[in-house]
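The block underneath contains the structure these notes are about, expressed in structure tokens.
Predicted, not measured: the structure shown is a model, and the values here were computed from it. In listed order, ligands and their atoms are each counted from 1.
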Amino acid sequence: SLEEVAPNFFTLSPDSPLRERIQRAYRWYSPRFSPCDVPRFADVGSITEDWSVMRGIRDFLVARYRNLPEPPTHILGFDARGFLLGPMISVELGVPFVLMRKAGKNPGILIESEPYEKEYKEKKAEAMTIRRGSIGKGSRVVLVDDVLATGGTALSGLQLVEASGATTIEFVAILGIKSLKGVQLSHSYGNGRFSKIPFFALVDESVLTEANCGDTAGYNGARIIGYREALSRI
Ligand code: AMP
Ligand code: MG
């Protein structure tokens, strides 16, 4: 049920039942109703609020990684939405879940990635960290996030695993925005040192149709309603 859309870039095939279930659940918001100025903000909450889709994603990924000849030894999740998906997989596989965060959020001695541009968020470059020793030499790591966009975040994860003496066996996200070429960023980085690492986006942006728009049509009020105001309107 997997399709290779580009070398070492996989997605669920169009007729996959799981792809259909994700498409039915996923909501996106326009800039008017979203925290970021992106054309279609994909709401991971629309996935987490559907426990049955969450269970479907968990079962699919657990089976996928459990059945590898050499299963992962660690799951590495990206702050913050990778934290929603990684633990439910890691506890089933019985392996550690490691947190990739900014230096200001992580304790201990840290390994830091190169700074990367996030076209989709703050314009200034950001770097990510993991705690030194959380992943060791010879570890086999799966990287997890909700969305793969321009790919800067994913590349940070690849750098941190490499700099720990470990191997990334796959990057996985629910949604991969193919048109932003995030996979190419990692695969072409550093003379192709990561070109063999598989990227797996369960679905691509074609699932974010007009019917999946979460915007409240015709709403002209404020997006954020304060506590007292909300109380007074109950
Ligand atoms: P990037 O580093 O550009 O691949 O951006 C990926 C990160 O930004 C992920 O951690 C996502 O949580 C978030 N992100 C980027 N684009 C979107 C989008 N259109 N909708 C929701 N989240 C996004
Ligand atoms: Mg994120």
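One finds a salt bridge joining Arg40 and Glu210 here, because a Lys/Arg side-chain nitrogen approaches an Asp/Glu carboxylate oxygen to under 4.0 Å. Between Glu126 and Lys102 there is a salt bridge, since at least one side-chain N of the basic residue sits less than 4.0 Å from a carboxylate O of the acidic one.
In terms of polar-atom proximity, Val147 is not counted as a contact of ligand 1, lacking any N or O under 3.5 Å from an N or O of the ligand. Geometrically, ligand 1 and Ala42 share a nitrogen or oxygen pair separated by less than 3.5 Å. Residue Arg40 places at least one N or O, backbone or side chain, under 3.5 Å from an N or O of ligand 1.
Connection of Phe33 to Leu208 is not established within any shared hydrophobic cluster, with ILVMFWY side chains joined at heavy-atom distances below 4.5 Å, either directly or through further cluster members. When hydrophobic clusters are built by joining Ile, Leu, Val, Met, Phe, Trp and Tyr residues whose side-chain heavy atoms come closer than 4.5 Å, directly or via intermediates, Val91 is not grouped with Ile75.
The shell of residues lying under 4.0 angstrom from ligand 1, judged by heavy atoms, includes Phe41. Ligand 1 lies within reach of Gly151, whose nearest heavy atom is under 4.0 Å from it.
Contacts between Ile177 and ligand 1, counted as non-hydrogen atom pairs separated by less than 4.0 Å, involve the side chain only. When non-hydrogen atoms are compared, ligand 1 lies under 4.0 Å from the backbone of Thr150 as well as from its side chain. Here Leu175 has no heavy atoms under 4.0 Å from ligand 1, in either its backbone or its side chain.
Defined by atom type and a distance below 3.5 Å, a donor-acceptor pair is missing between the side-chain atoms of Tyr116 and Gln159. Under the 3.5 Å distance criterion, with hydrogens and angles disregarded, a donor-acceptor pair is assigned to the side chains of Ser30 and Asp215.
Near Thr153, with a cut-off below 4.0 Å to any heavy atom, the atoms of ligand 1 are 1 (P), 2 (O), 5 (O), 6 (C), 7 (C).
Aromatic pair His187/Phe199: centroids less than 6.0 angstrom apart.
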